[in-house]
Amino acid sequence: MAVRSGSARWTGNLAQGAGTVSTETGTLANAPYSFRSRFEQGGGTNPEELLAAAHAGCFSMAFAHALSSAGHVPDEVATTAKVHLQQKDGGFVIPLVELATVVKVNGPSDADVQKIADGAKAGCPVSKLFAGAEIRLQLTRA
């Protein structure tokens with residue numbers, strides 16, 4: 001089983017504080033994020049943007065695999081994901097993720113492509129995460 005990791009560091013309070021996020025591979029290294037980048041239009045990244053990229057990547061791979069398994073290797077699968085963050089009951093929730101995909105593939109009918117895409121959406125691990133997951137927390141105080 002593959003285990004991947006990311007890390008984040010935050011200093012200060014929510015509104016004026018700031019942080020960085022990194023991936024274990026170093027592809028994303030100390031990328032800044034803040035209240036403004038998450039809830040307004042400030043520079044830097046945010047958790048929802050990272051989730052959107054992860055979902056778009058996961059779904060594109062799952063869809064390409066499903067098409068290929070059905071005998072229709074795609075020329076390209078390009079997906080944009082939009083993660084909606086909304087305030088609810090004094091906190092925040094993600095009630096909706098929109099996937100917009102453009103696929104270049106020869107052979108199957110539009111109906112067959114849609115059916116394969118629907119199956120890929122249901123089977124994509126990140127789609128499953130958004131449907132609900134166990135979250136484990138290991139807390140260490142410094």
Side-chain angles (χ1 to χ4, degrees), residues 1-108 110 112-142:
M1 170 173 43
V3 176
R4 305 292 183 229
S5 67
S7 61
R9 181 177 305 271
W10 186 266
T11 57
N13 67 17
L14 178 63
Q16 285 84 36
T20 58
V21 293
S22 300
T23 59
E24 71 179 309
T25 62
T27 302
L28 185 65
N30 297 314
Y33 76 112
S34 66
F35 180 90
R36 289 200 50 202
S37 70
R38 189 168 192 193
F39 299 107
E40 298 171 355
Q41 295 299 318
T45 190
N46 58 71
E48 291 72 31
E49 175 180 68
L50 299 172
L51 289 170
H55 202 177
C58 184
F59 173 74
S60 291
M61 290 179 76
F63 189 22
H65 175 67
L67 284 165
S68 298
S69 295
H72 309 289
V73 177
D75 293 325
E76 183 178 58
V77 176
T79 302
T80 300
K82 293 182 180 179
V83 172
H84 294 251
L85 179 67
Q86 293 181 348
Q87 195 165 13
K88 182 179 180 182
D89 301 327
F92 288 89
V93 297
I94 296 173
L96 174 65
V97 177
E98 295 177 280
L99 296 174
T101 302
V102 176
V103 61
K104 292 180 185 176
V105 63
N106 292 317
D110 288 350
D112 286 342
V113 170
Q114 183 66 56
K115 183 178 179 180
I116 293 168
D118 289 341
K121 180 178 65 107
C124 163
V126 176
S127 291
K128 291 177 182 179
L129 176 64
F130 278 115
E134 177 183 2
I135 299 172
R136 294 181 181 177
L137 172 65
Q138 181 180 353
L139 179 64
T140 303
R141 291 190 62 175

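What you see is a predicted model; the values in this text were computed from it and never measured.
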What closest approach, in Å, do [X] and [Y] show between heavy atoms, and which atom pair accounts for it?
X    : Y   : value
T27  : T25 : OG1-OG1, 2.9 Å
S37  : N46 : O-ND2, 2.9 Å
G17  : S34 : O-CB, 4.1 Å
T79  : A56 : O-CB, 3.5 Å
E49  : G44 : OE1-O, 4.3 Å
A120 : A66 : CB-CB, 4.5 Å

Quiz item: Partners of T20 by side-chain hydrogen bond (donor to acceptor under 3.5 Å, both in side chains), sequence neighbours excluded?
Solution: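 Per chain and number, T20 pairs via side-chain hydrogen bond (donor to acceptor under 3.5 Å, both in side chains) with no residue.
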
Practice problem: Please identify each residue that fulfils side-chain hydrogen bond (donor to acceptor under 3.5 Å, both in side chains) with N106, with sequence neighbours left out. | Solution: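 Counting only residues at least two positions away or on another chain, N106 forms no side-chain hydrogen bond (donor to acceptor under 3.5 Å, both in side chains).
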
Calculate, to the nearest 0.5 Å, the distance between atoms [atom1] and [atom2] belonging to [X] and [Y] respectively.
X   : Y    : atom1 : atom2 : answer
L28 : S7   : CG    : OG    : 9.0 Å
L85 : L96  : CG    : CG    : 11.5 Å
L67 : I116 : CG    : CD1   : 5.0 Å

Quiz item: Do L51 and V97 come close enough that some side-chain heavy atom pair is under 4.5 Å?
Solution: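 L51 vs V97: side chains apart.
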
Exercise. Check whether any side-chain heavy atom of D112 lies under 4.5 Å from a side-chain heavy atom of H72, and answer yes or no.
Key: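 Not touching, per the 4.5 Å side-chain cut-off.
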
Quiz item: Among side-chain atoms of N13 and Q16, is any donor-acceptor pair under 3.5 angstrom?
Solution: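 Per modelled atom types, N13 and Q16 side chains form a pair under 3.5 Å.
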
Practice problem: Could you name each residue pair satisfying salt bridge (charged side-chain N to carboxylate O under 4.0 Å, His left out) that touches residues 80-90, not counting sequence neighbours? | Solution: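 Output for this query is empty, none listed.
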
Quiz item: How would you list, by chain and number, every residue that makes a side chain to side chain contact (heavy atoms under 4.5 Å, CB included) with A64, sequence neighbours excluded?
Solution: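 If we apply the side chain to side chain contact (heavy atoms under 4.5 Å, CB included) test to A64, skipping adjacent residues, the hits are P74, V77.
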
Self-check item: Any residue meeting side chain to side chain contact (heavy atoms under 4.5 Å, CB included) with E24, in chain and number order, not counting sequence neighbours
Solution: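 Partners of E24 under the side chain to side chain contact (heavy atoms under 4.5 Å, CB included) test: R4, S5.
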
Practice problem: Give a yes or no on whether the backbone of G57 and the side-chain of S60 come within a donor-acceptor separation of less than 3.5 Å. | Solution: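 No, S60 side chain to G57 backbone: no donor-acceptor pair under 3.5 Å.
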
Exercise. Enumerate the residue pairs fulfilling ring pair (Phe, Tyr, Trp, His ring centres under 6.0 Å) with a member in residues 18-60, sequence neighbours excluded, ordered by first and then second residue.
Key: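 For residues 18-60: W10-Y33, F35-F39, F39-F92, H55-F130, F59-F63.
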
Exercise. Count the heavy atoms belonging to other residues, nucleotides or ligands that lie under 6.0 Å from CG of D110, then report whether that count exceeds 12.
Key: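 12 or below, so no.
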
